[in-house]
Structure formats: C-alpha cells, structure tokens
Amino acid sequence: MLNANWNFDNSYARLPERFFTRIHPTPVSDPELVMLNRSLAEELGLNVEALASEEGVAVFAGNHIPEGAEPLAQAYAGHQFGYFNMLGDGRAILLGEHVNSNGERVDIQLKGSGRTPYSRGGDGRAALGPMLREYIISEAMHALRIPTTRSLAVVTTGEVVIRETELRGAILTRVAASHLRVGTFQYAARFLSKEELQTLADYAIKRHYPNGEHASNRYLFLLEEVMKKQAALVAKWQLVGFIHGVMNTDNMTISGETIDYGPCAFMDVYDPKTVFSSIDTQGRYAYGNQPYIAGWNIARFAESLLPLFHDEEEKAIELAQEVIAPFPTLYETYWLKGMRAKLGLCTEEEEDKKLIGELLHLMHTHRADYTNTFRALTLDEWNFSEKEFRDWHTRWQQRIARQDMKKEEVYEFMRQNNPAIVPRNYRVEEALAAAEQGDNTVMERLLYVLSAPYAYTKEQDEYAKPPAPSDRPYRTFCGT
Ligand code: AMP
Ligand code: MG
C-alpha cells in the first residue's frame, strides 16, 4: 500500500466545540477519480500515485478517513443578499489541516460529501458539472495570480443527485489557507460568548496575521489586515473582469482568498452592470458593484468584532470606523496601480485616471470585449475603426512616449499584466458538456491553455475568441 503522505494537524478542531460539529462524510457507492491536480499535490508534498490509487480515491470520496484527519462541519452565519441567516457547512466536511514539509498549513475539505446538521433542506451533495466548473475556474484564477482556494481532485460518486433533472453526483476536494469567513465571525458575535469570539479572533490572527500578536490592539489590526487583503483581491477581480456572483459575507474569507465558485463567470463585453447569476435579479453583485459590496462586507466584519475593540460600544464603533474608512481609497489605489500596469504605464501622471476612464467609457459604449481590448493593445493590434478609439490610442501612445522605457519593454510589461485568455463561459460549458459524456480531453486542453494566461502562445489564440453573438444572455446557477 502506498503512503499518500497526508500530515494532519487540526487546529480548528481544537477550538471551542460550538464552532463545529464532528461528523464523517456519508460514504458513496462507487467512487471514480475524474480529476487529480498533480502540480498542487506535489506542492503539498503528497504522493500523486498514492492519491490516484483506490485508497487515495476513497479519501476523496469520503469513504476512507486518512490517519490524523478529524472530520467536521464548520458552523457559520452570513448575510445572503443582505439578509442574515444561520448557515454552516451544509454539504462540505473539513477533513482537517494538512501541513507540508515547509510548515505551510492548508484546509482539506470535501465538498458534496453528504448531509450535516447545517444542511437545512439540502441533500448535502453536489453534481459533477458544478464541481468541475469550480476546478477549472479556481485553477484559472490561481494561474492569473489571484489568491484563491485550489482544487485538488474531483471524484464521481456513482450516485445521482436530483436537481431539475438527474445528474451525476461528485465531490470536490478543496484546498484553502483556511475556511474562516466573515460569516464565521458573525456566527460567533451573534450566537456565542465574547470569550468564544475572542478565541476565534486570536485563532485567526495566529493563523493568518501572526504579526498582529504584537500589535497594540490586535483586533483592530486583524480588521485592517483583512480589509487590505479584500481591497487587493477585489481590485484583482476587477482587473481581469471576474464576477464572483455571490459575495455573501459567508463567501468572503479572512485569508483573502477567493472562495465559492458557484455562479461566478468572466465578463466578455465590458459593462459594469454585468450579472450572470440567475438569482441576482437586483444586480447586487454586478461587476461594477463588487468593490462597494466588499466594503459593505468588511463593515459587517467590523461589527462582529466590536466587543473586542473596546468595552464601551460607542468607542468601539469609533475605532472600527477609523480603520475601515479608507477602504474605498485603498481599493482605488490597488485598482489604479493594476490599471496602469495593464496600460504599460510605469510612471504616474495626474491624467492617468482620466485616460483609463475614457478607455472604459469607450469600451462600454461600443460594447468592446474586456479581455480582448487589453489584449489588442498589448499585441499592438489595435484595429478599432471608430475615430474615438483611434484618438484614444494616439493619446495613449503619447503618454507611453513620455516615460523612459523602450517600446519593447512596455509591451513586455503589458504581457505580464494582461491575460491573453480567461476561462470564457462558452469554453467552460463546452468542456463540461464533453466531461459529462465521459470525455475529459476538452477540459484537459482548456486547463492546459489556462495554466499560463500571460504566455501569449499561438495555441491560446483560438481560446481568445469571444463568444458568438447570442440572443440569450449567459446564466449561472448557485449551489447546484
Ligand atoms: P453557497 O451558496 O454554496 O455559499 O451555500 C450557501 C449555504 O447553503 C451553505 O451553508 C451551504 O453549505 C448550503 N448548501 C448549498 N448547497 C447545499 C446542498 N446541496 N445541501 C445542503 N446544503 C447546501
Ligand atoms: Mg458558500
């Protein structure tokens, strides 16, 4: 028997018991490995051969608990579309924390592993399509250099899940810096004692922001660090045209990783109002709203920490507001830095913001493809026929000429900051449709080209094509 090299040390399981429920995954009848992320397995110091063996697959299926794991479902709450709810892992189980040889600690979580006390009306299961979708998009995000949870494996269960039709059941093994969420703090603030809330905050600081242990007010420090991480993260989303789709507070991590690839999608035509999620009828989580929502979520995080900032509530609120007030400015700083890089600007001029704003405005009015507009600029293939676009290009060239950088260097800089390709929705759908029929080759090829989005290889060209015009807007679905 091969040893997979799992090395569990489960700090979360040592938190007070009301933070979780110990529970095993529900075994499945006939597990089969569909995807295994070899490079991630290697990063984690795991033995790929052992993971792919029958024993290894049994772990991904929840049929076998590896030595040292302490399976549990996490308790959390959250604001969903603005409304507070008690939630928790309703279809996920944390096996524990794997520590690699560099001492890096990651959560190993099975998603789709059966019912838990937090399942409410749900079946605790997941379908193959959405789990592969999470695999593809989370790995694409990682390759885009955007902090994200990772996907280690997908197995089918041999069982059906019932949605609108019968679908093949599957389980995703998700790897995360942790699964601590804003919603975990909201849960503690609402339902647990101040001591338990403090224990959670101390735990989060130790695990993600250890410098805070020496700060004068460690809880304000935690708030500030999470705020900075989220401002940076959402700026990165905006820069690549990623729409998360369900930025509920339970889907915002304390680590600053992107989590929960339910209804997310990449924008084709540039329009700040773009929404893909079928349930987001108000456009709360539209592309252009994401920075605002991130700020709103951070305010909820601050609220949940209030008792730890100061004994007097009024003073606590004052301190919290001081910390989070700069969020919009901070976000804009990150975004502007990223936009300058996309335009190949290595110096800063007062007028840059205007130049960027004009480009976005033109893209919006002319319904230009977001990724491909920057791609065309990067490849010096600017072939817009509209005069306004050509005029803008002239102004951009003049701006470029004012910095001390060879043209070749500018283009090289731009190649590093503008992805040649993103996971286009129609490409993802095409890969999933083939995989559903048992053919993984389309997906493998897609994953391969997405693994180096800044490479600008010839083989990526066909993946850069925008979708054919359609009279039906692309729609995504939550929790399927
Ligand atoms: P999500 O939309 O994936 O962030 O999930 C929101 C909440 O619904 C979480 O508490 C999930 O665990 C729960 N949930 C989603 N799908 C299911 C399901 N099929 N069975 C049980 N709980 C679910
Ligand atoms: Mg979620």
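Atoms within each ligand, like the ligands themselves, are counted from 1 in listed order.
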What N, O or S atom of D260 is found closest to the Mg ion (ligand 2)?
OD2
If we only count heavy atoms from C-beta on, is the R105 to D9 side-chain gap below 4.5 Å?
yes
Answer yes when R150 and E257 have at least one side-chain N-carboxylate O distance shorter than 4.0 Å, and no when they do not.
no
For N100 and E104, test the side chains for any donor-to-acceptor distance below 3.5 angstrom and give the result as yes or no.
yes
Using the six-membered ring wherever Trp is involved, compare the ring planes of W237 and H244 and label them parallel, tilted or perpendicular (cut-offs 30° and 60°).
parallel
Please work out whether the ring planes of F374 and Y370 are parallel, tilted or perpendicular, with thresholds of 30° and 60°.
perpendicular
So, is [X] polar-close to ligand 1, with some N/O to N/O distance under 3.5 Å?
| X | result |
| --- | --- |
| Y118 | no |
| D260 | yes |
| Q80 | no |
| L87 | no |

Which of the ligand 1 atoms, numbered from 1, are nearer than 4.0 Å to a heavy atom of G124
18 (C), 19 (N), 20 (N), 21 (C)
May I ask whether V246 places a heavy atom under 4.0 Å from ligand 1?
no
